[in-house]
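Input: a single structure, listed below in structure tokens.
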Amino acid sequence: MLAAWRYERRSRALDFGRPPQHDLRDIMDAILYVDRTGVQWRYLPHDFPHWNTVYGYFAKWQQDGVFAQLNGLLRQLLREKKGRDAEPSACVIDAQSVKTSTSVPAVGQGTDAGKKIVGRKRGIATDTLGLLLAVLVTAASVQDSIAGTQLLDQVAAEHPRIRKVWGDGGYRQHLVEHAATLGIDMEITQRKPGTRGFTPIPKRWAVERTYGWLMLHRRLARDYETLPTRSEAMIHLAMTDLMARRLTGENTISWRDPTPQNKQVIPG
């Protein structure tokens with residue numbers, strides 16, 4: 001997919017453009033490094049291409065929707081590997097408010113009155129496996145139902161097989177009615193009265209687990225991106241990283257070598 005993107009870009013350039021100087025795998029690895037470790041772009045290790053080049057590719061791929069396309073392709077492959085249909089018929093939605101850094105303009109922030117958090121709100125929709133279907137980043141002051149309306153519109157447009165959605169009590173009745181106009185049955189799942197401590201809520205636990213997966217990427221511990229669309233791209237990247245590892249069976253490489261090569265064996 002990345003090679004096709006580069007070929008299409010070069011074909012529109014005068015004289016077919018200059019020959020590429022960097023391998024696309026190195027560029028993607030550098031972007032994933034930023035997402036996973038949370039390092040600033042300027043502090044990328046010198047093993048990678050220059051940070052300005054890496055960020056330039058990141059910005060162009062975000063604008064062209066490359067990260068969302070990668071996420072969709074890997075999701076289909078992983079669902080088929082799990083014995084599911086490539087396209088889901090049900091999903092779960094939820095919202096998460098996070099603090100922002102000083103690089104985020106004040107006009108793009110807000111206060112979540114319920115959670116007392118000043119920052120942004122991430123609304124996501126996942127399938128029942130917890131794989132990302134749609135994401136929307138807004139100011140934290142935006143109500144869940146308002147952001148949920150845009151999220152459901154996005155889900156209905158991109159995944160027409162969806163006929164069922166679960167959400168928590170933060171979504172109001174008018175969102176249920178809006179879902180019905182899209183041909184989607186929305187069900188509000190809530191904690192049973194009197195329940196204490198951590199108790200997984202049926203169906204909704206899948207999206208809660210997805211937020212836990214996302215938090216393994218330090219770039220998402222806060223919202224560091226100036227533009228909300230760049231924040232959405234970082235979430236797509238985190239899920240792309242997770243699904244690629246599941247498909248290949250690879251784990252994060254550790255700098256520690258559990259089996260030293262120079263270890264001497266003393267005969268007993």
Check whether any side-chain N or O of Q109 sits under 3.5 Å from a backbone N or O of V104 as a donor-acceptor pair, and report yes or no.
-> yes
Side chains of V155 and I162 in contact at under 4.5 Å (non-hydrogen atoms) | yes
Between M239 and G130, what is the shortest heavy-atom contact and its length?
-> CE-O, 3.8 Å
Does any non-hydrogen side-chain atom of M186 lie less than 4.5 Å from one of L175?
-> yes
Would you please indicate yes or no on a ring centroid separation below 6.0 angstrom for F58 and W41?
-> yes
Any donor and acceptor pair, going by atom type alone, linking the side chain of T240 with main-chain N or O of L70 inside 3.5 Å?
-> no
Taking everything shown except R172 itself, do over 12 heavy atoms lie less than 6.0 Å from its CZ?
-> no
To the nearest 0.5 Å, how far apart are CH2 in W166 and CG in D185?
-> 9.0 Å
Return yes if some donor-acceptor pair links the side-chain N/O of R120 with the main-chain N/O of A140 below 3.5 Å, else return no.
-> no
Indicate the atoms forming the closest heavy-atom contact of L136 with A147, along with that distance.
-> CD2-O, 3.5 Å
Answer yes when R219 and D35 have at least one side-chain N-carboxylate O distance shorter than 4.0 Å, and no when they do not.
-> no
Taking 4.0 angstrom as the limit, do D127 and R75 come out as a salt bridge?
-> no
Which of parallel (below 30°), tilted (30 to 60°) and perpendicular (above 60°) describes W5 and Y57?
-> tilted
For the residue pair D94 and D168, establish whether any side-chain heavy-atom pair is separated by less than 4.5 Å.
-> yes
Can you find a pair of side-chain heavy atoms, one from P49 and one from I27, that are under 4.5 Å apart?
-> yes
Between CZ of R42 and CH2 of W51, what distance do you get to the nearest 0.5 Å?
-> 4.0 Å
Please answer: with hydrophobic residues joined when any side-chain heavy atoms are less than 4.5 Å apart, are V92 and I124 in the same cluster?
-> yes
Verify same cluster id: L2, Y55 (apolar side-chain graph, 4.5 Å) = yes
Nearest heavy-atom approach of K121 to S97 is CE-OG, 3.5 Å
Looking at W213, does the NZ or CZ of R245 lie under 6.0 angstrom from its six-membered ring centre and within 45 degrees of the ring axis?
-> no
Quick one: OG1 on T138 to CD on Q150, what's the gap to the nearest 0.5 Å?
-> 7.5 Å
For atom NZ of K164, is the number of surrounding heavy atoms from other residues, nucleotides or ligands below 6.0 Å larger than 12?
-> yes
Ion pair R36/D241, N-O distance below 4.0 Å | yes
Is the closest side-chain heavy-atom distance between Y171 and I188 below 4.5 Å?
-> yes
Is M1 reachable from L24 through a run of hydrophobic residues whose side-chain heavy atoms are each under 4.5 Å from the next?
-> yes
F67 and A233 have their tightest heavy-atom pair at CD1-CB, 3.8 Å
Whichever hydrophobic residues join I146 through chains of side-chain contacts under 4.5 Å = V142
Answer with yes or no whether the side chains of R230 and Q62 bring together a donor and an acceptor at under 3.5 Å.
-> yes
same_hphob_cluster(L133, V207) at 4.5 Å side-chain heavy-atom cutoff | no
Do you see a donor-acceptor pair shorter than 3.5 Å between the side chains of T100 and D223?
-> no
Backbone of R204 reached by a side-chain donor or acceptor of T189 within 3.5 Å | no
CG of D85 to OG of S89: how many Å apart, nearest 0.5 Å?
-> 7.5 Å
Just by distance, do the side chain of R218 and the backbone of M215 share a donor-acceptor pair under 3.5 Å?
-> no
Just how far is it from atom CD1 of I184 to atom NE2 of H178, taken to the nearest 0.5 Å?
-> 8.0 Å
NZ/K81: more than 12 non-hydrogen atoms of other groups inside 6.0 Å = yes
Does D23 use its side chain to pair, donor to acceptor, with the backbone of R25 at less than 3.5 Å?
-> yes
Y33 backbone acceptor or donor facing T37 side chain under 3.5 Å = yes
Validation row: T111, I117 side chains within 4.5 angstrom (heavy atoms) | no
What do the steps show when you test W61 against I31 for side chain to side chain contact (heavy atoms under 4.5 Å, CB included), and what is the final call?
-> CA-CA 11 Å; W61 284 345; I31 295 174; 3.7 Å; yes
Quick one: are R84 and E80 in side-chain contact, heavy atoms under 4.5 Å?
-> no
In sequence, state the C-alpha distance, the side-chain angles, and the governing distance for V135 and H236, and then conclude on side chain to side chain contact (heavy atoms under 4.5 Å, CB included).
-> CA-CA 8 Å; V135 58; H236 277 124; 3.4 Å; yes
If you measure from CE on M234 to CG on L214, what distance do you get to the nearest 0.5 Å?
-> 13.0 Å
Looking only at heavy atoms, what is the nearest atom pair of Q76 and A86, with distance?
-> CG-O, 3.7 Å
Quick one: does N71's side chain have a donor or acceptor within less than 3.5 Å of a partner on L132's backbone?
-> yes
Looking only at heavy atoms, which two atoms of R79 and L131 are closest? And how far apart?
-> CG-CD1, 4.0 Å
Return yes if some donor-acceptor pair links the side-chain N/O of H159 with the main-chain N/O of R161 below 3.5 Å, else return no.
-> no
With the side chain counted from C-beta on, respond yes when L152 and V165 share a heavy-atom pair under 4.5 Å apart, and no when they do not.
-> yes
Same apolar cluster (I L V M F W Y, side chains within < 4.5 Å links), M243/I235 = yes
Donor-acceptor under 3.5 Å (R209 side chain, L129 main chain) | yes
